[in-house]
Each structure stands twice: as C-alpha cells, then as structure tokens.
Number of protein chains: 2
Amino acid sequence: MSEKMDRRQARTKQLLNKALMELIEEKGTDGVTVTDIATRADINRGTFYLHYRDVPDMLEQIKEEVFVNIEKCILQLDINEVIKNANTGKPYPISVMIFEEIARHADFLKVMFGPKGDLSYAIRFRNFMATHIFNKLSYLQPAEDNFLIPRDYLIAYMSSANFGMLMHWLESGMKQTPYQMGLIMTQIALHGPIASAGLKSN
Amino acid sequence: MSEKMDRRQARTKQLLNKALMELIEEKGTDGVTVTDIATRADINRGTFYLHYRDVPDMLEQIKEEVFVNIEKCILQLDINEVIKNANTGKPYPISVMIFEEIARHADFLKVMFGPKGDLSYAIRFRNFMATHIFNKLSYLQPAEDNFLIPRDYLIAYMSSANFGMLMHWLESGMKQTPYQMGLIMTQIALHGPIASAGLKSN
DNA sequence: TTTATTAATGAACATCATGTTGATTAGCGA
DNA sequence: TCGCTAATCAACATGATGTTCATTAATAAA
C-alpha cells in the first residue's frame with residue numbers, strides 16, 4: 001500500500017481510479033468497460049492490464065481498501081460504553097470518528113450504497129456491524145431463550161436500521177455533520193425509535 | 001399478462017425464465033449472457049430476442065411483476081391499525097398475508113436481496129415501505145419540529161430495520177412461518193427493539 | 001549527467017458475446 | 001385441412017476483451 005512507487009505507476013493508478021469513479025457514478029458498478037476507463041483516463045488500454053486483471057478486480061481492490069479503513073474505526077467502538085456515556089448530551093467520540101471516516105470516502109460509498117451500487121458490499125458492512133457492534137449489546141447477552149422475538153432478528157433489526165440511517169445520510173446529501181450523526185445514533189440506541197420521536201430533551 | 005398466449009410462446013418464456021433464475025443464482029445479476037440463458041434453456045439464441053430486448057430488459061420485467069404483487073399486499077396495511085390490534089397475541093392478518101406473498105416469490109427474492117442481488121431493487125422496496133407504512137405512523141404525525149432526531153432519519157431507521165429482518169428471513173432459510181414473522185414485526189413495531197429483548201409475555 | 005531499468009505506448013491479433021437478418025421448419029388455432 | 005406465426009439455423013458486422021511485442025519515454029540511482 002505505502003511502498004514507494006514509481007511516479008509513473010502512481011500517476012496512472014490515480015488517473016484510472018478517478019476515471020472509474022466517474023464512470024460508475026454515471027453507469028453503475030457494471031457496464032463499465034476497460035475501454036471506457038482507459039479512454040476516460042487518457043491511458044493506453046494495455047496499460048490498464050499492467051495494474052489490474054480486469055474491472056471487477058480493480059473495484060475489489062478499492063472496496064477492500066475503503067472497508068479496512070472503516071473497519072479500524074468500528075473495531076474501537078464498544079456499544080455498551082456508548083450507552084453508559086450517553087447521559088451527557090454529547091455523542092460517544094468514537095462514533096463521531098466513524099462518521100468522519102465515512103465522510104472521507106463519501107464519493108465512493110455514495111455510489112456503492114446507491115441504486116447502482118453493490119449489494120454484496122452493503123451486506124458486508126451490515127454484517128460487520130451486526131457482529132462487532134450489536135452482537136455485543138449487554139441486554140442481549142443473558143437469557144438467550146427468553147426473548148420475545150428471536151435474538152438474530154433483533155440483531156438484524158438493529159444493524160439494518162443503523163446501516164439504513166447511514167445510507168440515508170449519504171443519499172440525502174450529508175446535511176448533518178459527523179457530530180450530529182453520532183448524536184442521532186447515540187440517542188436512538190439509547191431510547192429506541194419510539195421514544196426518540198416527540199421527546200425533545202430541552 | 002394473462003392474455004391467452006400461444007403455447008409455444010408460453011413454453012419458451014417459461015424455459016427462459018427458469019434458465020435465468022438458475023443462472024443469476026450461480027453467477028449473480030450481472031455476468032449472465034444471452035448465450036448462457038439460451039444454452040441453458042435449450043432455446044435458439046435468436047428466439048430470446050423475439051421476447052426480450054436484452055438481459056436487463058428481461059430481468060426488469062420479472063422484477064416489475066413480483067414488485068406489483070407485493071405492492072398490492074402492502075397497500076392494504078395500515079400501520080396504526082397494526083398497533084391498535086396488537087394487544088391480542090396475534091399478528092395483524094394483513095402482515096401475515098404480506099409474508100405469504102413474499103414466500104411465494106422466495107426463490108427470486110432470495111437472489112435479488114442476496115450478495116449477488118440488485119441494490120436498486122432493495123432500495124425500491126425499502127422506499128416503498130418507508131412511504132406507505134412508516135410515513136403514516138401516528139406518533140410521527142404531529143409536531144414535525146419537536147423530534148429528538150430528524151423525522152426522515154426515524155423513517156429510514158424503521159423501514160431499513162424491517163426490510164433488514166425480511167432479508168434475514170430469506171437468507172437464513174425462512175425457518176419462521178409467515179405467521180411467526182407477522183408476530184415478530186408486530187411486536188417490534190409496538191415495543192421497539194429494546195423492550196422486545198428479554199421480556200417474554202407469558 | 002549518464003545509464004540501466006522499467007513503465008507506458010501503439011499496433012496487431014484471436015476470441016467471444018452481441019444484435020440483426022433472411023430463409024426455412026414446425027407447431028398452433030380456427 | 002389451411003393460414004399464421006413462433007422457433008430454428010446459419011451468417012454477418014460490430015465492439016470489447018485479453019494478450020503479445022517492438023518501441024518510446026520517464027525514472028531512480030550511480
């Protein structure tokens with residue numbers, strides 16, 4: 001990743017990357033051809049193959065890089081700490097950090113989680129959130145069998161809900177700051193959706 | 001749709017349909033070629049073009065047909081009625097009916113909402129649920145400005161959450177009956193996710 | 001600055017799926 | 001039975017693919 005690279009390689013990689021971004025924004029994940037990318041980047045088509053095997057391979061590498069960055073942030077978050085510290089009107093700092101990292105890759109994620117996006121990528125994020133955030137909720141820990149509804153459905157519910165808000169943030173133009181998004185998530189994790197409506201803490 | 005069709009047309013359409021289903025299950029929404037479908041269906045490739053313009057066109061027609069069927073069911077549901085009648089231990093009948101309709105198209109939807117699926121289709125369903133179910137929740141109606149968190153995020157939360165449970169149902173092998181799924185949805189709509197954990201109404 | 005290295009170019013090529021056409025065969029409905 | 005039309009088959013031009021090789025140009029290191 002960070003190994004020193006020949007300037008020429010770095011340059012073409014960057015041009016190819018930029019071209020791909022523009023094209024999937026226009027035509028969606030599929031339907032983008034090597035010829036498209038090379039033409040747009042003003043790079044010889046053959047040069048593409050010196051860097052990537054084909055278009056899916058290129059996309060896969062970018063997806064991986066973005067995922068790893070966000071993964072690092074999410075792994076630092078402990079949902080039970082979020083709830084404990086939520087009495088203050090402030091969001092848990094790490095949740096803000098997560099939204100900042102997402103904002104950093106907003107252009108890419110907006111496409112990947114939009115209508116022309118990649119469902120496998122969305123599911124990967126959702127499942128990661130399910131495993132590393134909501135699976136650890138303390139009030140889901142004890143009596144596995146005593147739930148009103150099955151535990152896995154509760155986790156599917158909460159991870160999908162939060163991922164859905166993330167999607168909504170991206171697709172509605174990111175009008176909230178990462179700080180505000182952290183606050184929203186904290187509130188709804190604390191009170192649930194019902195109590196979070198109509199009750200203004202002033 | 002139901003106009004009487006030449007037996008030959010009906011036969012080929014059915015064979016093409018079956019072949020497409022098998023192929024997107026194997027290779028995903030994209031990557032399926034006309035040649036693939038024709039070969040699998042044991043139909044002349046040229047014949048495909050007598051029925052559909054190309055593969056995306058064929059997929060679009062199937063998507064539309066399935067969506068319309070489920071749409072009809074969802075439009076009959078009034079979320080506020082669901083909550084009113086939820087004191088009984090029974091699910092609201094129409095919500096059961098919706099899951100029955102989904103089960104009827106399970107093979108198709110399992111693929112479309114799975115990792116190789118179609119994000120635009122998933123978003124279409126989610127948005128439809130947002131508009132025609134959760135947008136009508138009575139406790140979201142009155143004071144637009146007095147919410148702890150923005151109204152559109154609440155709706156994104158709830159529609160995504162419920163759609164996520166639907167996805168989970170499909171991908172985990174539909175171990176629950178439509179009746180049980182109706183019950184789960186009703187409970188969680190009533191109490192929210194937090195209260196739905198650990199509290200068994202016995 | 002010079003030099004060896006290597007990235008990028010440009011052209012050519014075989015391959016494969018596409019979408020279309022026209023002639024022919026086979027099946028259907030009346 | 002007969003007219004209609006769906007399905008077949010073969011052929012074709014087109015365009016993207018992935019690969020190769022000789023050539024040019026940029027780079028890093030001496």
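As a basis for the values below, the full set of heavy atoms in this structure was taken, side chains included, without hydrogen atoms, waters or symmetry mates. Quantities reported herein were computed from a predicted structural model and do not represent experimental measurements. In what follows, every chain begins at residue 1, and chains take the letters A, B, ... in the order their sequences are listed.
The base of D/dG18 sits within donor-acceptor range of the side chain of A/R45, with an N or O pair under 3.5 Å. In the interface, the side chain of B/R8 is not paired with the base of D/dA7 through any donor and acceptor atom under 3.5 Å apart.
Dashed line: the shortest gap from a side-chain N or O of B/T33 to OP1 or OP2 of C/dC16 is not under 4.0 Å. In terms of phosphate contacts, B/R7 brings a side-chain nitrogen or oxygen within less than 4.0 Å of OP1 or OP2 of C/dG29. Between B/H51 and the phosphate of D/dA7, there is a side-chain N or O to OP1/OP2 separation shorter than 4.0 Å. In this model, the phosphate group of D/dA6 is not approached by any side-chain N or O of B/T12 to a distance below 4.0 Å at OP1 or OP2.
When the shell of 6.0 Å around CD of A/Q14 is examined, it contains 12 or fewer heavy atoms from other residues, nucleotides or ligands.
Checked against C/dT18, C/dA7, C/dC28, the side chain of B/D6 finds its nearest nucleotide in C/dC28. When the nucleotides C/dT20, C/dA7, D/dT8 are ranked by their closest atom to the side chain of B/Y49, C/dT20 comes out on top. The listed nucleotides are C/dA17, D/dG18, D/dA6; the one nearest the side chain of A/V34 is D/dG18.
Following rounding to the nearest Å, B/Q9 (CD) and C/dG27 (C1') show an atom-to-atom distance of 12 Å. Atom CG of B/N44 and atom C1' of C/dG19 are 13 Å apart (whole Å). A straight line from CG of B/D57 to C1' of C/dT18 spans 15 Å, rounded to a whole angstrom. The distance from atom CZ of B/F48 to atom P of C/dA17 is 15 Å, rounded to the nearest whole Å. One can place CG of A/D42 at 9 Å from P of C/dG10, the figure rounded to the nearest angstrom. Across the protein-nucleic acid pair, A/D36 atom CG and D/dG18 atom P stand 13 Å apart, rounded to whole Å. Rounded to an integer number of Å, the gap from CZ of B/R53 to C1' of C/dT20 is 15 Å. Between the OH atom of B/Y52 and the P atom of C/dG19 there is a distance of 15 Å, rounded to whole Å.
Using a cutoff of 4.0 Å between basic side-chain nitrogens and carboxylate oxygens, A/E64 and A/R124 are scored as salt-bridged. For the pair A/K63 and A/D118, the salt-bridge criterion is met [side-chain N within less than 4.0 Å of a carboxylate O].
Within 4.0 Å (heavy atoms only), B/T47 reaches at least one base atom of the nucleic acid.
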Applying side-chain hydrogen bond (donor to acceptor under 3.5 Å, both in side chains) to B/T39 and B/D36, what does each step give before you reach the verdict?
CA-CA 5 Å; B/T39 304; B/D36 282 338; 5.9 Å; no
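Evaluated for a side-chain hydrogen bond (donor to acceptor under 3.5 Å, both in side chains) with B/Y153, the options A/Q176, A/H168, A/Q180 yield exactly one hit, A/Q176.
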